[in-house]
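Read the structure below first, then the notes.
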Amino acid sequence: MTALLAYTIFGLVTGGAYAVVAGGLVLTYSTSKVFNVGHGAIGMVMAFLYWELAENRGLPQWLALLIVVGGCAPLFGLLIERFVMRRLAGAPVGITLVAGVGVLVGLIGAAQAIWPPQARPVRPFLDQYGVHIGQSFVSGHDLVTLACAVLVAGGLYLLLNRTRTGLAMRACVDAPELAALYGTRPHRLSALSWAIGSALAALGGILLTPVVQLDYVTMTLLVITAYTAALVGRLRSLPWTFAGALGLGLVQSYAVAYLPSSPFWIAFRAAIPALLLFVVLLAMPQSPLRIGGVRGSRGVAVPNAVTTGVGAGLFLGVVVVLALLVDSVVAGQLALALVFGIVLLSMVLLTGYGGVVSLGQFTFVGVGAVTVARLGSSSPVTLLAGALVAAVVGALIALTVLRVSGLYLALATLGFAQLMDKLVLQSPIALGVRGSLQVPPAVSSPTAQLLLAAGVFALVGAGVLAIRRGRLGRRMIAVKDSSAACATLGVNVRWIRVGVFALSAAIAGLAGGLFAQLRETVAASDFQLFNNLPLLLFAVIAGVTSVSGAALGGLLLMLLPVLQSGFPAFAGAAVVLLGVAAAGLARDPNGLVSWFFRAWSWRRA
C-alpha cells in the first residue's frame with residue numbers, strides 16, 4: 001500500500017507537469033487553429049536558458065524562473081507568431097505542420113550550438129522542504145509542480161471562458177473579419193495566445209528538468225505525452241486535458257512500478273506515450289477529426305512518357321560521367337544521396353500527390369533495412385522482399401488510422417514511428433542483442449554502388465511519374481483537393497489512401513534495403529524517431545511535388561552530416577538554417593526546384 005501511494009504521488013506530479021505543457025498547446029490551438037509541433041522544443045530551449053541563469057550564472061532560482069517564464073519565453077512566442085505563424089494564417093494543416101517541424105529542428109540546432117553536449121544537473125525547487133503523506137515523502141518540487149498545474153488549469157479556464165479577452169480570442173479564430181468589425185484586433189490576440197503558450201511550455205520544461213535532465217531530443221519529444229493529453233481534451237477542453245495529463249502520468253508511474261524489468265517491458269514503458277496517443281486518436285469521435293490536409297497545392301508540370309525516358313537517360317549519363325571522375329569516397333557519398341532521394345520519392349507520392357503529411361516515413365526505411373539484414377543475402381530479391389514487408393506494414397497502418405485525417409493522421413504516424421522505434425527497431429528481435437547486423441554488399445566498389453543507386457532511382461522516379469499520369473494519380477490529386485466530392489462521385493477514398501500508403505512504404509522499404517547493402521551494416525540508431533523530422537524538412541525545401549526535388553533533397557540530406565563533421569563549430573547553425581528554410585518555404589511545396597522551373601519557363605517565354 002505504501003508503494004502504491006508513492007507511485008501515485010509520483011504519477012500525479014509528472015502528470016501535473018504534462019498538464020502545464022498541454023495547457024499551453026491547447027491555448028495556442030484553440031485561439032489560432034495552429035497545432036504547434038515545436039511546443040516541446042520551446043520548453044527545451046527555455047529549460048536550457050533557465051539552467052544558464054540559475055546554475056551557470058548563479059542567479060536565485062525564483063529570479064531565473066521569472067526572467068525565463070515571465071520575459072524570455074513570452075517574447076519568443078511573440079516572435080514566432082509574428083514572423084512564422086502569422087504568415088501561415090489560413091494555410092492548410094500540412095503547411096503549418098511543416099512550419100512547426102521547422103521551428104522544432106531549428107531550436108534543437110540552436111540549443112546544440114549555444115550549449116554543447118555535457119551533463120547539466122538542475123536543482124529542484126524548494127528541495128529543503130517537503131511533507132510526509134503516510135510513509136511517502138512529497139518534496140517541495142513536487143508540491144510546486146502540482147500547484148502550478150492547478151493554477152494553470154484554473155487560470156486558462158477563466159481566461160477563455162470568463163474574460164472578454166478570452167472570448168475575443170476564440171471569436172477571432174471562428175470569424176476574424178467579423179470580430180475585427182466589433183473592435184477586436186486579431187493579430188494582437190493571436191500574439192497574446194502564443195506568448196502565453198510559450199510561457200507555459202517553458203514552465204513545464206523547467207518543472208520536468210529535475211526528473212528527465214537536460215537533453216535536446218528527449219525533452220523535445222516528451223511533448224508527445226502532452227499531445228495525447230491535449231487530444232483527450234479534443235484540443236479545446238482544458239478540464240479534460242488536465243484530467244488526461246494526470247491519467248497519463250499515473251499510467252507511466254504504475255508501469256514503472258508493476259511491469260517486469262525485462263528488456264521488452266522496459267522498451268514498452270518508453271513507448272507508452274505513443275501507444276496512448278494511438279488509442280486516443282482511434283477512440284475519439286470521428287466528426288471532429290476531419291481537419292484538412294495538404295490541399296490546393298499546385299505541383300510542377302508532369303512530363304510525358306517520352307520526356308521522362310529522355311530525362312532518365314540524361315540523368316544516368318551524368319551519373320556515369322561522375323562515377324568515372326570522382327574518387328571512391330565521393331562516389332559512396334553520392335550513392336547515399338541517391339538512396340535518400342529514393343526515400344524522398346516515397347514522400348513525393350504520399351505527400352506531394354496524396355496530400356498526406358507523414359512524420360514517420362523513415363521508419364519504413366528501417367523496416368526494409370532490417371528485413372534485408374535478416375535475410376542476409378546480397379541478391380536483388382532481398383530488396384524486393386524488404387519493399388514488400390514495408391508495404392504490408394504501411395497498409396496495416398493505413399487501415400488502422402483510416403478514420404482520421406490531416407493533423408491527426410500526421411500525429412498518428414508520429415506515434416507509429418515511436419512505437420516502432422522503441423518496440424521493434426531497438427529490440428533484440430530486429431537487430432540482435434548487439435543492436436546491429438552485418439549485411440552482405442550488393443556490389444563491391446563505391447563506383448558500382450553509385451551506378452546501382454542511380455539505376456534504382458531512375459526506375460523508381462519513372463514509376464512515380466507513371467503513377468501520377470495514370471488513373472490512380474488523377475484520383476490521388478482529386479482526393480487531395482476534395483475527398484468529400486470524390487466520395488460523392490463514388491470514388492473509394494479509403495482504399496485509395498491504403499494504396500498510396502502501401503506504395504509509399506514499399507518505395508521507402510526498397511530504399512532501406514539498398515541503404516543496408518551500401519552501408520554493409522544496420523544499427524538501431526539509424527532509424528530513430530528524430531530522423532523522420534529532417535526528412536520531411538528536406539522534402540519540403542527541395543520540392544515535395546517533383547522527382548527532381550527528391551534528387552535535390554537527397555543530395556542536401558547527404559551533405560548535412562558531411563558539413564557538420566567537417567565544420568563542427570557550425571553544426572548547430574546548419575540545423576538552425578534548415579529549420580528557418582523549411583518554415584520560410586512551407587507555403588511552397590514545390591520548393592527550390594520550382595524556382596528553376598519558373599526561371600526556365602520565363603527564359604523560354
Side-chain angles (χ1 to χ4, degrees), residues 298-326 331 334-354 380-381 383-384 387 391 442-443 447-477 499-500 502-511 513-514 518 539 542-558 589-605:
R298 184 182 179 88
V300 298
V302 180
N304 57 33
V306 175
T307 305
T308 300
V310 173
L314 291 175
F315 168 77
L316 292 175
V318 171
V319 172
V320 170
V321 172
L322 287 175
L324 296 175
L325 295 178
V326 300
L334 291 177
L336 184 61
L338 290 176
V339 171
F340 288 148
I342 297 171
V343 181
L344 295 183
L345 284 175
S346 72
M347 300 194 70
V348 169
L349 187 66
L350 182 65
T351 304
Y353 299 161
V381 177
L383 295 178
L384 299 178
V443 289
T447 301
Q449 292 176 350
L450 174 58
L451 296 176
L452 174 63
V456 175
F457 180 88
L459 288 175
V460 175
V464 168
L465 290 175
I467 292 173
R468 174 62 184 86
R469 290 191 301 267
R471 183 178 181 183
L472 176 60
R474 293 192 296 270
R475 292 192 173 193
M476 288 164 52
I477 298 298
V500 171
L503 285 173
S504 174
I507 295 173
L510 176 65
L514 193 59
L518 295 183
V544 76
T545 59
S546 64
V547 172
S548 52
L552 176 60
L555 181 63
L556 295 176
L557 194 57
M558 179 275 295
N590 301 323
L592 295 175
V593 295
S594 66
W595 299 355
F596 169 78
F597 287 122
R598 284 197 294 266
W600 180 260
S601 300
W602 174 82
R603 182 181 179 182
R604 293 183 63 186

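Separation of atoms CG (L472) and CD1 (I477) is listed at 10.0 Å; rounding is to 0.5 Å. Once rounded to the nearest 0.5 Å, the distance linking CG of L344 with CZ of F457 reads 8.5 Å. Taken from CG in L555 to CG in L336, the straight-line distance is 10.5 Å, to the nearest 0.5 Å. Atom-to-atom distance recorded for L514:CG and L452:CG is 5.5 Å, nearest 0.5 angstrom. Atom-to-atom distance recorded for L503:CG and Y353:OH is 13.0 Å, nearest 0.5 angstrom. Going from atom CZ of R475 over to atom CD1 of I467 covers 14.5 Å, rounded to the nearest 0.5 Å.
Nearest heavy atoms, L383 versus G513: CD2-C, 3.3 Å. Taking each heavy atom of L450 and A331 in turn, the nearest pair found is CB-O, 3.8 Å. When every heavy atom of A458 is checked against every heavy atom of L316, the shortest pair comes out as CB-CD2, 4.1 Å. For A511 against V343, the heavy-atom pair with the smallest separation is CB-CG2, 3.4 Å. Here the closest non-hydrogen pair linking G549 and A542 is O-CB, 3.1 Å. Nearest heavy atoms, A454 versus V319: CB-CG1, 3.5 Å.
Taking T447 as the reference, nothing meets the side chain to side chain donor-acceptor pair (under 3.5 Å) condition, with sequence neighbours excluded.
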Run the side-chain contact (heavy atoms from CB on, under 4.5 Å) test on F315 and V547 for me, step by step, so that the C-alpha distance in whole Å, both residues' side-chain angles and the decisive distance to 0.1 Å come before the verdict.
CA-CA 12 Å; F315 168 77; V547 172; over 6 Å; no
Going through the checks in order, is the side-chain contact (heavy atoms from CB on, under 4.5 Å) test met by V464 and I507?
CA-CA 10 Å; V464 168; I507 295 173; 4.0 Å; yes
Could you walk me through whether R468 and V348 pass side-chain contact (heavy atoms from CB on, under 4.5 Å), step by step?
CA-CA 10 Å; R468 174 62 184 86; V348 169; over 6 Å; no
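A donor-acceptor pair under 3.5 Å links the side-chain atoms of R474 to the main chain of R469, judged by distance alone. Of the possible polar contacts, one joining the S504 side chain to the S346 backbone as a donor-acceptor pair under 3.5 Å is found.
When L465, V460, L510, L350 are each tested for a side-chain contact (heavy atoms from CB on, under 4.5 Å) with L345, only one passes: V460.
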